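This structure is a prediction, so every number in the text was calculated from the model and none was measured.
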Amino acid sequence: MLTLTTPRLLIRPFTLDDLPAVHQMLDLDPARSDPGSYGALSLEQRADWLRWTIQSYSQLAWLHQPPYFDLAIVLRSTSELIGACGFAPCLAEFGQLPSLSEESSLHGLTWPEVGLYWEIASGHRRQGFASEAGQALLDHGFEHLHLRRIVAMTRYDNAASIGVMRKLGMHIEHNVQQDPPWLQVVGILEKR
């Protein structure tokens, strides 16, 4: 399974030992800006998610499926888990975006894109960790997976994520439509 190293970070598969830190970061942290469409999970629900995530590493590879995965972001200096990142399938009406509207000749069609995501624990934000992890994943996606394009999505009011997208060199698109909220702002990076 994929492990990436940056100057300050180790980006690695999750383990069951990560449950307390993951639950705190994704479900209990009051500073988390968006707990996702499902809301905060109980410890038992997060444990189910973590087991599913760990099983998906081998199962997706065995089935020769795209490497969509959730990975832990860990400080190399202390081994502390400070975040999560990965690639996720994004199925949306990307034709709502000006630069991608020509790819869909019929209004209302959706298509999949590879989405980059990150989440950093509140005590470690604004230190460049999201950009560092994001760049490592972009490099891996373009150099080893030979991806054509990678996108990242957020809401209009998530200035921090929009800033990370800019730092990563993504072209920022604003969806003229309010819905869906996760498609309000899209960072797009094409293979160079």
Side-chain angles (χ1 to χ4, degrees), residues 1-57 67-90 92 114-138 140-141 150-168 170 172 178-187:
M1 184 56 206
L2 176 68
T3 298
L4 302 171
T5 303
T6 72
R8 299 181 297 166
L9 304 173
L10 178 66
I11 301 164
R12 61 156 174 81
F14 279 107
T15 69
L16 291 176
D17 291 337
D18 294 327
L19 179 59
V22 170
H23 183 54
Q24 176 62 41
M25 177 182 62
L26 297 179
D27 303 307
L28 303 177
D29 188 344
R32 183 155 189 228
S33 60
D34 181 10
S37 59
Y38 49 79
L41 301 180
S42 68
L43 181 62
E44 182 179 306
Q45 290 170 316
R46 184 55 67 191
D48 288 343
W49 172 86
L50 188 58
R51 284 189 291 275
W52 173 82
T53 296
I54 293 167
Q55 290 174 346
S56 74
Y57 300 143
Y68 295 123
F69 43 70
D70 298 286
L71 297 170
I73 302 173
V74 176
L75 288 177
R76 290 178 61 191
S77 61
T78 64
S79 298
E80 178 185 2
L81 188 145
I82 63 160
C85 62
F87 289 126
C90 298
V114 174
L116 170 67
Y117 83 91
W118 55 85
E119 179 69 34
I120 302 295
S122 61
H124 295 281
R125 292 182 184 155
R126 303 208 178 280
Q127 297 178 50
F129 294 128
S131 300
E132 193 170 329
Q135 189 62 59
L137 282 169
L138 287 173
H140 177 76
I150 299 172
V151 302
M153 301 179 293
T154 194
R155 300 176 326 271
Y156 295 132
D157 63 354
N158 194 337
S161 282
I162 295 167
V164 171
M165 291 176 195
R166 284 194 173 102
K167 252 182 129 172
L168 294 174
M170 293 181 144
I172 306 299
Q178 294 282 332
D179 289 317
W182 42 264
L183 191 63
Q184 291 175 349
V185 178
V186 180

Pairwise side-chain contact, [X] with [Y], heavy-atom cut-off 4.5 Å (strictly under):
X	Y	answer
Leu75	His124	yes
Ser131	Trp118	no
Arg12	Asp18	yes
Leu50	Asp70	no
Val22	Leu81	yes
Gln45	Asp27	no
Thr3	Pro13	yes
Leu19	Phe14	no

Working to the nearest 0.5 Å, report the span between [atom1] of [X] and [atom2] of [Y].
X	Y	atom1	atom2	answer
Met153	Ser161	CE	OG	11.5 Å
Ile82	Phe129	CD1	CZ	4.5 Å
Met170	Ile150	CE	CD1	6.5 Å
His140	Leu71	NE2	CG	9.0 Å
Gln135	Leu9	CD	CG	12.5 Å
Thr78	Arg8	OG1	CZ	12.0 Å

Looking only at heavy atoms, what is the nearest atom pair of [X] and [Y], with distance?
X	Y	result
Val114	Phe87	CG1-CD2, 3.6 Å
Ile73	Ala133	CD1-CB, 3.7 Å
Ile11	Cys85	CG2-SG, 3.7 Å
Val185	Ile172	CG1-CG2, 3.7 Å
Ser122	Asp29	OG-OD2, 2.8 Å
Arg76	Thr5	NH1-CG2, 3.3 Å

Point to revise | Residue pair His23, Glu44: steps toward the side-chain contact (heavy atoms from CB on, under 4.5 Å) verdict | key: CA-CA 10 Å; His23 183 54; Glu44 182 179 306; over 6 Å; no

Exercise for review: Give the C-alpha distance, both sets of side-chain angles, the deciding distance and a yes or no for side-chain contact (heavy atoms from CB on, under 4.5 Å) between Phe69 and Thr53.
Suggested key: CA-CA 7 Å; Phe69 43 70; Thr53 296; over 6 Å; no

Check your understanding: Between Met165 and Thr154, does a side-chain contact (heavy atoms from CB on, under 4.5 Å) hold up when you go through it step by step?
Key -> CA-CA 10 Å; Met165 291 176 195; Thr154 194; 3.7 Å; yes

